[in-house]
Amino acid sequence: MVRVRFAPSPTGFLHIGSLRTALYNFLYARHHGGVCILRIEDTDRTRFVEGAIEEQIASLAWAGVTFDEGPHVGGNYGPYIQSERFDLYRQYGMQLVESGHAYYAFDTSEELDAMRVRQQAAGIAPKYDRSSMRNQYTLGEQETQRLLDEGAAHVIRLKVPLTSDVRFHDEIRGDVIVNGREIDDQILLKSDGFPTYHLANVVDDHLMEITHVIRAEEWLPSTPKHVLLYEAFGWKAPTFAHVPLMLNPDRTKMSKRHGDVMVRDFAGKGYFPDALVNFVAMCGWNPAEDREIYAMHELIDRFTLDRVHKAGAVFDYKKLEWMNAEYLRAKAPADLAADLMPTLEQAGYTYRDSAFVASVIALLRERVTFLQDIATFGDYLFGDTLAPLDEATEAQLRDDAALRAALAAFRDGLTDAVLADADAFKAHAKASAEAAGLAMGKFMKPMRIVVTHRDVGADLHPTLQLLGSSRCIARIDAFLS
RNA sequence: GCACCGUUCGUCUAGAGGUUAGGACACCGCUCUUUCACAGCGGUAACACGGGUUCGAGUCCCGUACGGUGUACCA
């Protein structure tokens with residue numbers, strides 16, 4: 001049984017990179033009929049942000065990523081919030097001390113800083129120096145016990161074996177081997193009693209029977225520590241899979257400054273959740289087919305770890321926009337109408353009914369990227385106020401006698417019946433233009449500008465049809481008067 | 001600095017020894033259209049470099065370069 005987990009820290013809004021990691025976990029679990037777990041890693045009390053857990057769950061749900069176990073849905077392996085598992089970590093940390101895989105250290109942060117400065121000056125890699133710092137080994141058993149009895153501040157560190165290589169297999173990167181000398185004696189339990197990520201992560205993954213750890217590439221360098229921890233506990237390590245990072249245009253880890261990075265921002269901008277998910281899924285993975293648009297169930301059907309890329313992928317906002325526009329064009333206008341109506345109302349626009357809104361969407365959606373754009377792009381179809389024409393255009397059109405004649409003729413014969421029939425409409429427009437001695441092309445474009453006060457580029461007949469003959473006639477009259 | 005990971009058009013990618021190196025976004029052009037968009041057609045554009053292995057290398061191996069990540073009592 002596949003069991004995966006997405007384990008964010010509640011330090012703010014859900015990042016787009018986190019969404020992708022969560023999505024890959026979700027897709028993997030669903031593909032294998034496994035279980036997808038949400039676990040909150042809030043062991044750093046200083047960075048906790050109120051409401052972050054709820055926001056992240058909401059963002060995930062918006063994107064269609066759901067969980068079988070987690071703080072919001074329960075499950076048999078809870079609690080799913082690490083701060084509620086506090087005692088557990090201390091217990092396991094002590095177990096390691098007793099078995100000789102971890103030890104007490106009493107150094108202050110000043111002492112540690114000084115150590116690093118010394119090491120850097122000497123050109124050595126900064127790493128905890130077990131043989132010279134104040135710890136269980138240098139102090140001796142008695143002194144250590146005395147300090148503990150005294151209640152001296154201390155941490156528990158992992159005793160990394162100096163000799164052997166640490167090796168593990170990564171589903172995406174293959175075999176990774178790291179020399180044991182390179183691994184730091186990582187702090188497992190902080191002086192405030194809370195575990196660090198490394199301890200809590202390993203303990204929970206084991207206790208929650210996680211089979212596959214799918215996480216971002218930034219965790220790759222600390223994976224050897226986790227492997228060591230599994231060995232020290234005598235536990236079987238899960239399968240690891242480190243997914244590539246999503247990058248800024250300059251190829252650094254994706255961040256603000258270069259554009260939106262929070263899922264909430266994308267939602268706010270008007271991206272469809274399925275379009276965002278589709279795009280993000282294809283950013284670092286693809287099913288090797290000649291298509292780009294996939295619904296969630298199709299992604300689930302095709303997702304495999306071996307087709308996840310190794311290299312990071314630059315996040316292309318332009319392509320995301322294109323994809324959103326593709327979704328906008330593919331969805332049923334009737335289903336979209338309800339989503340557009342609040343925006344229309346907010347703008348003070350009026351419209352007959354949702355069917356009308358759906359028609360407007362059908363008419364204009366090929367020209368915009370976001371559904372909400374239709375409100376501004378098609379403002380002439382809603383309400384009665386028109387933006388003023390620019391003076392030059394206005395004067396030019398008004399001085400055109402032939403155009404005025406054609407417009408008048410067009411207005412006189414315009415009825416709902418004419419608008420209802422495209423052929424009748426075309427014939428009527430043609431007759432009006434010809435009677436005034438105008439070519440069709442010289443008539444249609446100015447007419448559209450007169451009626452909509454803008455050259456919006458929409459198809460004339462459906463535009464007028466949506467406008468209705470009476471409103472259309474009123475606008476022509478207003479222009480001619 | 002050290003460790004690890006990576007490197008196919010500007011970007012996302014296909015490619016698992018023999019391909020005219022394919023697709024998508026973006027860009028440019030043409031067609032359609034009164035116009036814009038959509039659509040269709042076409043174009044510019046890539047295997048980081050150097051050595052091997054092989055009859056043959058984008059594909060395998062080794063270096064180099066470049067880039068990224070990590071190097072916390074943060075995750």
Side-chain angles (χ1 to χ4, degrees), chain A residues 7-11 18 41-47 82 105 107-109 112-113 116 119-120 122-128 153-157 170 172-174 176-179 181-184 186-198 200-201 215-224 242 244-247 249-253 279 282-293 306-307 309-323 325-326 329 364-368 377 429 433 439-449 455-460:
Chain A
S9 296
T11 55
S18 301
E41 312 224 321
D42 59 343
T43 53
D44 185 356
R45 293 131 54 237
T46 64
R47 295 206 309 158
Q82 289 187 329
D107 316 281
T108 63
S109 45
L112 291 169
D113 287 344
R116 286 185 201 104
Q119 292 171 327
Q120 269 163 20
I124 328 168
K127 183 169 173 277
Y128 185 74
H154 65 275
V155 300
I156 304 285
R157 284 181 181 271
D170 186 284
I172 294 168
R173 275 143 226 287
V176 179
I177 302 168
V178 178
N179 190 313
R181 283 192 304 269
E182 308 293 344
I183 305 169
D184 203 2
Q186 186 66 50
I187 288 179
L188 265 20
L189 284 165
K190 304 183 239 185
S191 55
D192 64 2
F194 271 81
T196 56
Y197 168 87
H198 309 282
N201 191 263
R215 70 207 336 181
E217 186 185 354
E218 54 198 334
W219 292 108
L220 198 52
S222 51
T223 304
H242 289 89
L245 264 19
M246 291 206 292
L247 274 23
D250 65 1
R251 305 204 76 89
T252 52
K253 194 156 80 170
F279 177 78
M282 306 299 282
C283 207
W285 168 86
N286 83 87
E289 292 172 14
D290 245 10
R291 54 182 279 209
E292 313 243 16
I293 306 298
D306 64 323
R307 291 210 62 87
H309 263 243
K310 292 181 168 75
V314 172
F315 192 92
D316 188 347
Y317 291 90
K318 270 269 187 290
K319 190 155 187 178
L320 207 212
E321 285 188 4
W322 164 79
M323 193 168 278
E326 285 286 301
R329 291 193 283 266
L364 299 179
R365 63 172 166 175
E366 291 186 348
R367 293 151 215 284
V368 298
F377 197 82
M440 270 291 265
K442 293 283 182 208
F443 176 56
M444 298 297 250
K445 184 172 179 179
M447 174 164 67
R448 191 176 58 236
I449 295 175
D455 182 10
V456 292
D459 299 314
L460 192 58

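Below, chains carry the letters A, B, ... as their sequence lines are ordered, and counting in each starts from 1.
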Novice: What is the distance, to the nearest angstrom, from the CD atom on A:Glu366 to the P atom on B:G40?
Specialist: 11 Å
Novice: Which pairs, protein N/O on one side and nucleotides 67-70 of chain B N/O on the other, fall under 3.5 Å?
Specialist:
residue : atom : partner  : partner atom : Å
B:U69   : OP1  : A:Lys253 : N            : 3.1
B:G70   : OP1  : A:Lys253 : NZ           : 3.0

Novice: Please state whether the phosphate of B:A14, meaning OP1 or OP2, lies under 4.0 angstrom from any side-chain nitrogen or oxygen of A:Asn286.
Specialist: yes
Novice: What pair of heavy atoms forms the shortest contact from A:Pro244 to A:Ala311, and how long is it?
Specialist: CB-O, 3.2 Å
Novice: Report which part of the nucleic acid A:Met282 touches: base, sugar-phosphate, or nothing (heavy-atom distance under 4.0 Å, all strands).
Specialist: sugar-phosphate
Novice: Using a cutoff of under 3.5 Å, can you pull out all pairs of nitrogen or oxygen atoms linking the protein to nucleotides 20-27 of chain B, with atom names and distances?
Specialist:
residue : atom : partner  : partner atom : Å
B:A24   : O4'  : A:Glu292 : OE2          : 2.9
B:A24   : O2'  : A:Glu292 : OE2          : 2.8
B:A24   : O2'  : A:Lys319 : NZ           : 3.4
B:A24   : N3   : A:Lys319 : NZ           : 2.9

Novice: Under 4.0 angstrom, heavy atoms only, what part of the nucleic acid is A:Arg173 near: base, sugar-phosphate, or nothing?
Specialist: sugar-phosphate
Novice: Which residues pass the ring pair (Phe, Tyr, Trp, His ring centres under 6.0 Å) test with A:Phe315, not counting sequence neighbours?
Specialist: A:Phe266, A:Phe279, A:Tyr317
Novice: RNA chain B: A:His198 or A:Lys127, which has the more 5' nearest nucleotide?
Specialist: A:Lys127
Novice: Just to be sure I understand the rule, does A:Val314 reach a base, reach only the sugar-phosphate, or reach nothing, if contact means heavy atoms closer than 4.0 Å?
Specialist: sugar-phosphate
Novice: Under 4.0 Å, heavy atoms only, any strand: does A:His309 hit a base, just the sugar-phosphate, or nothing?
Specialist: sugar-phosphate
Novice: Quick one: is B:G15 close enough that its OP1 or OP2 comes under 4.0 Å of any side-chain N or O from A:Arg307?
Specialist: yes
Novice: What's the CG-P distance between A:Leu460 and B:U35, to the nearest Å?
Specialist: 13 Å
Novice: For B:A75, does OP1 or OP2 lie under 4.0 Å from any side-chain N or O of A:Thr43?
Specialist: yes
Novice: To the nearest Å, give me how far apart CZ (A:Arg181) and P (B:G1) are.
Specialist: 20 Å
Novice: Tell me what A:Arg116 touches on the nucleic acid: a base, only sugar-phosphate, or nothing, going by heavy atoms under 4.0 Å.
Specialist: sugar-phosphate
